[in-house]
Amino acid sequence: MPWVFVAGACTFSLLTLSGELTTVQPVNDEAVHVEMVRWAVQQIQTGHILPLDGWYPFLSMGDAQFSHYQSLPHLITAYFSLIFGVDASVRWAGYLLFALFPISVYVGTRLLGWSSWTAGGAALLTPLLVSVTGYGYESFSYTWLGNGLWSQEWGMFLLPLAWGCSWRAVSGRGRGKYALAALVVGLAVAMHFLTGYFALLSVGVFVIVVWRGLMPRIGRAALVFGGAALVASWVVVPLITGAAYFNLSEFNQNTFWLNSWGAPQALGWLFTGQIFDHGRFPIVSLLVALGTAVCVCRCRRDAPARAILGLMALSLVLFSGRPTFGFVLNLLPGSSDLLLHRYIMGVQLAGLVLAGVGLAWMGETVLARARRWMPRLRPVPIATGLMAAAVLITLPAWFDRAAYAFSDAASLTVQTESDQTDGAALDVLLNDIRARGGGRTYAGLPGNWGAAYDIGQVPVFEYLADNSVDELGFLLRTPSLVADNEAYFNENDPAQYRLYDVRYVLMPAPMQPRVPATLLASSGRHTLWQVATSGYVEVVDTSGIVEANRGDMATQMQPFLRSTAFKQGALATVAFDGGAAATPTLPVTATANNAAGTSHDVLVEPQDGYFAAAVTATRTAAVVLEATYDPRWRVTVDGTVATPYMVVPGFVAVTVGPGRHTVVFRYIAYSGYPLLLGVGGLTLLTLASGPWLWRRFRSRIVARRSVSLRGQSNTGAHRP
């Protein structure tokens, strides 16, 4: 009967959120995820069967997005997209992951050692969550009107299972569970780094909440933790080895994005119902409070009660963040990159289990008293009535979530009309851009007229991200080292268009670009302009040295980009992350009187990370690829491998002598994936077969000792 709760919760989401299957332009971060899937599909279709790494060129001058970001959801969806198409596959994946999440909650709660009624109650309440932040396991995080946290959905679905499997393995409640726990936790890491990190920390909670047998639990936890790390090594190792080139945006520093809000605010939201029931009667919050009280009363004798309380405590520490617990959190590996505001996810998931505990306790109490008063009364009618009562007491919350789903569907309908009219007119110009090729497109920034230039509710700079257009303007959506400098783009300065190779400008009529430009075409209310640029590859002088690292790229480089040297066409070399800078081509006191040279893009394939140019240098100069620096760029000059280096604002460059040259920039994908995947597979095999082999070995040793002891006993019996 508890599965009725699960089925009801799933059916509710499947019905109310069916509008999410409408194919429209994303209005949030989902645009990036859709474009990542498109890139993976293109790679597969061109022969890269498993595109685990490559050059992703579309945002912030490109970056190695698939090795810097959790890419497994995009790869899985890409294979389905070969059959069903990208848009349909992305929409269906998000829709089903959220709608079927109650199944994961039920199974995970059962694996944590709770009754089927507790698990059913937790599953029933799953679709009802709504928080003040909008970043938890709630519909607003994933729907079209919300935040579009598409990859978080994949981690969300795995986290209850990761908790349950880890708990069984660490507590020793199931033999041979180490491989399964390592697999699920490792997949959680590969699906969503923040979720996987939390799942790994949760293993430590399971060690300390059981009071006896500490050393064996530490050993079992080490197997799960280490096994999961090795299973996920194919995503973790490339990320760690390239961590210095993962942008730590200055726009996130000292904000809630990285630091969260502090314990007073987090606890204030918790106790006022804003984490589970924002904007409505706090029915879920009351059930969480009841379940917490039940677990506190049981915690001395009940290990699962201590486990869920421990998970809630861990979640609250992480969600409270650095303002309160920075002295502890800053000790965690990679803590500077943790978006701590996202750990409301743990508070909500632990709260669901606690609410299930509270709901089950209420039902069990009523059932026990009813059977005490009327012993002949069968339990099935009572249980059915209690299930109906559970739905009734939460009815306002069901109406609230249904109303939100209705408003989301209505917005999708309006957006569909905009896509088919105004969007179709813009598509004509996007096709023109693709036909002309080369260069980036600018359609405003979030901080200027770009915010109001939209298709329905979708800003055009976001619209471009879903249409395979290399652009400048959709800011801070990848960990590119150039991302912070991009935010300071000056649309009034022709030199900046040349610097970033912004060749095309899209804007609504009657607006005109702030720099000299040629009108290419008009469609509907949209106009397409062309600005003179040199192409992706440019020959420049380098003058001066700038010191920078991944946390201060814009702070260190913007002064140079406002200097006279930049106005005269020079760029500075960069001493990055404490390393040595390349020697500038111009002496300190020298001033160039003419251009350093010319270039012509011969073959440009941005999606494959390949840029070839014919250049003519009038003197020793730098050939700059106006794409983000990465240590895996391989550069050849006239067929000879050359040493690339970084120049302002974070581009890759190489020095050439006077004369004509053929310069090729090629991104080389990380080569260690076969080894790391093999390590992960071998780890699972070892964890699956190791315990069985050990038991057989130990049983043989015991048998031999028994035979030996019997032999000694028999020999002794015949002695005189």
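As a basis for the values below, the full set of heavy atoms in this structure was taken, side chains included, without hydrogen atoms, waters or symmetry mates. Bear in mind the structure is a predicted one, so any value in this text is a computation, not a measurement.
Proximity of D53 to P238: side-chain heavy atoms (C-beta onward) are nowhere separated by under 4.5 Å. The shortest side-chain heavy-atom distance between V34 and W150 does not fall under the 4.5 Å cut-off. The closest side-chain heavy-atom distance from T655 to T583 is not below 4.5 Å. Taking the side chain as every heavy atom from C-beta outward, L426 and V460 approach each other to under 4.5 Å. By the 4.5 Å heavy-atom criterion applied to side chains, S81 and Y79 are not counted as neighbours. At a threshold of 4.5 Å between non-hydrogen side-chain atoms, the residues Y245 and F576 count as touching. In this structure, the side chains of D419 and I455 come closer than 4.5 Å at one or more pairs of heavy atoms. In this structure, the side chains of L97 and W154 come closer than 4.5 Å at one or more pairs of heavy atoms.
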Where do M646 and V652 land on the side-chain contact (heavy atoms from CB on, under 4.5 Å) test, with the steps shown first?
-> CA-CA 5 Å; M646 185 187 295; V652 58; over 6 Å; no
Apply the test side-chain contact (heavy atoms from CB on, under 4.5 Å) to residues V502 and V531: give CA-CA distance (whole Å), side-chain angles for both, the deciding distance (0.1 Å), then the verdict.
-> CA-CA 7 Å; V502 177; V531 180; 5.8 Å; no
Apply the test side-chain contact (heavy atoms from CB on, under 4.5 Å) to residues T77 and M36: give CA-CA distance (whole Å), side-chain angles for both, the deciding distance (0.1 Å), then the verdict.
-> CA-CA 10 Å; T77 308; M36 288 181 66; over 6 Å; no
Check step by step if side-chain contact (heavy atoms from CB on, under 4.5 Å) holds for V574 and M557.
-> CA-CA 9 Å; V574 180; M557 295 179 182; 3.7 Å; yes
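Rounded to the nearest 0.5 angstrom, L445 CG and E491 CD are separated by 7.0 Å. For the atom pair CE of M553 and CG of D484, the computed distance is 8.5 Å after rounding to the nearest 0.5 Å. In this structure, the separation between OG on S233 and CG on L239 is 12.5 Å, given to the nearest 0.5 Å. Atom-to-atom distance recorded for T636:OG1 and H661:NE2 is 12.5 Å, nearest 0.5 angstrom. With values rounded to the nearest 0.5 angstrom, W144 atom CH2 is found 9.0 Å from R91 atom CZ. Interatomic distance, L520 CG to L429 CG, rounded to the nearest 0.5 Å: 9.5 Å.
Between the side chain of T195 and the backbone N or O of A188, no donor-acceptor pair lies under 3.5 Å. Distance alone, capped at 3.5 Å, is enough to place a donor-acceptor pair between the D638 side chain and the T662 backbone. Distance alone, capped at 3.5 Å, places no donor-acceptor pair between the Q512 side chain and the W529 backbone. With hydrogens and angles ignored, the 3.5 Å screen pairs a side-chain donor or acceptor of Q496 with a backbone N or O of N490. Side chain of N252 to backbone of W257: no donor-acceptor contact under 3.5 angstrom is found. A donor-acceptor distance shorter than 3.5 angstrom exists from the side chain of N431 to the backbone of D427, with no hydrogens or angles considered. A donor-acceptor contact shorter than 3.5 Å is absent between the side chain of D601 and the backbone of L603. The backbone N or O of T542 lies less than 3.5 Å from a partner atom in the side chain of T585, making a donor-acceptor pair. Looking at T616, its side chain never comes within 3.5 Å of a backbone N or O of G659 through a donor-acceptor pair.
Classified by interplanar angle (parallel below 30°, tilted 30° to 60°, perpendicular above 60°), the ring pair Y442/Y497 is perpendicular. Using cut-offs of 30° and 60° for the angle between ring planes, the Y56 and F66 rings count as tilted. Under the 30°/60° scheme for interplanar angles, the aromatic rings of F474 and F461 are found to be tilted.
A donor atom on one side chain and an acceptor atom on the other are not found under 3.5 Å apart for N147 and S141. If you check the side chains of R632 and S67, you find a donor sitting under 3.5 Å from an acceptor. Residues Q70 and S151 have side chains that bring a donor and an acceptor to within less than 3.5 angstrom of each other. When only modelled atom types and interatomic distance are considered, Q152 and Y142 share a side-chain donor-acceptor pair under 3.5 Å. A donor and an acceptor atom, one from each side chain of S599 and S534, are nowhere located under 3.5 Å apart. In this model, a donor atom of one side chain and an acceptor atom of the other lie less than 3.5 Å apart for D422 and H526. Between the side chains of E250 and T555, at least one donor-acceptor pair of N or O atoms lies under 3.5 Å.
The two atoms that bring A190 and P73 nearest to each other are O-CD, 4.0 Å, heavy atoms only. Minimum heavy-atom separation, G438 to Y504: O-CE1, 3.2 Å. Contact detail for P644 and V635: the closest heavy-atom pair is CB-CG2, 3.7 Å. The two residues S418 and G456 have their closest heavy-atom pair at OG-CA, 3.5 Å. Closest of all the heavy-atom pairs between L59 and A465 is CD2-CB, 4.3 Å.
Salt bridge D493/R514: absent, no basic N to carboxylate O contact under 4.0 Å. At a threshold of 4.0 Å, the pair E471-R440 does not count as salt-bridged, since none of the basic side-chain nitrogens sits closer than that to a carboxylate oxygen.
Applying the salt bridge (Lys or Arg N to Asp or Glu O under 4.0 Å) test to pairs two or more places apart or on separate chains, those with a residue in residues 58-87 are R38-D87. The salt bridge (Lys or Arg N to Asp or Glu O under 4.0 Å) contacts involving residues 570-581 comprise nothing, where partners must be two or more places apart or lie in separate chains.
Other residues, nucleotides and ligands place more than 12 heavy atoms under 6.0 Å from the CZ atom of R436. Around CZ of R666, the count of heavy atoms belonging to other residues, nucleotides or ligands within 6.0 Å does not exceed 12. For R525, the CZ atom is densely surrounded, since the number of other residues' heavy atoms within 6.0 Å is greater than 12.
Qualifying side chain to side chain contact (heavy atoms under 4.5 Å, CB included) partners for Q253, counting only residues two or more places apart in sequence or in other chains: L248, L258. Listed by chain and residue number, L430, R434, T441, L464, N467 satisfy the side chain to side chain contact (heavy atoms under 4.5 Å, CB included) test with V469 (two or more places apart in sequence, or in another chain). Considering only residues two or more places apart in sequence or on other chains, Y610 meets the ring-ring contact (aromatic ring centres under 6.0 Å, His included) condition with none of them.
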Using atom types as modelled, flag every donor-acceptor pair under 3.5 Å from a side chain in residues 618-628 to any protein atom, sequence neighbours excluded.
from	atom 1	to	atom 2	distance (Å)
T618	OG1	A595	O	3.0
T618	OG1	A596	O	3.0
R619	NE	D541	OD1	3.1
R619	NH1	N594	OD1	2.7
R619	NH2	D541	OD2	2.8
R619	NH2	N594	O	2.7
T628	OG1	S60	O	3.3
T628	OG1	M61	O	3.3
T628	OG1	G62	O	2.7
T628	OG1	S480	OG	2.8

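Under the ring-ring contact (aromatic ring centres under 6.0 Å, His included) rule, W55 has a single partner from Y670, W633, W39, which is W633.
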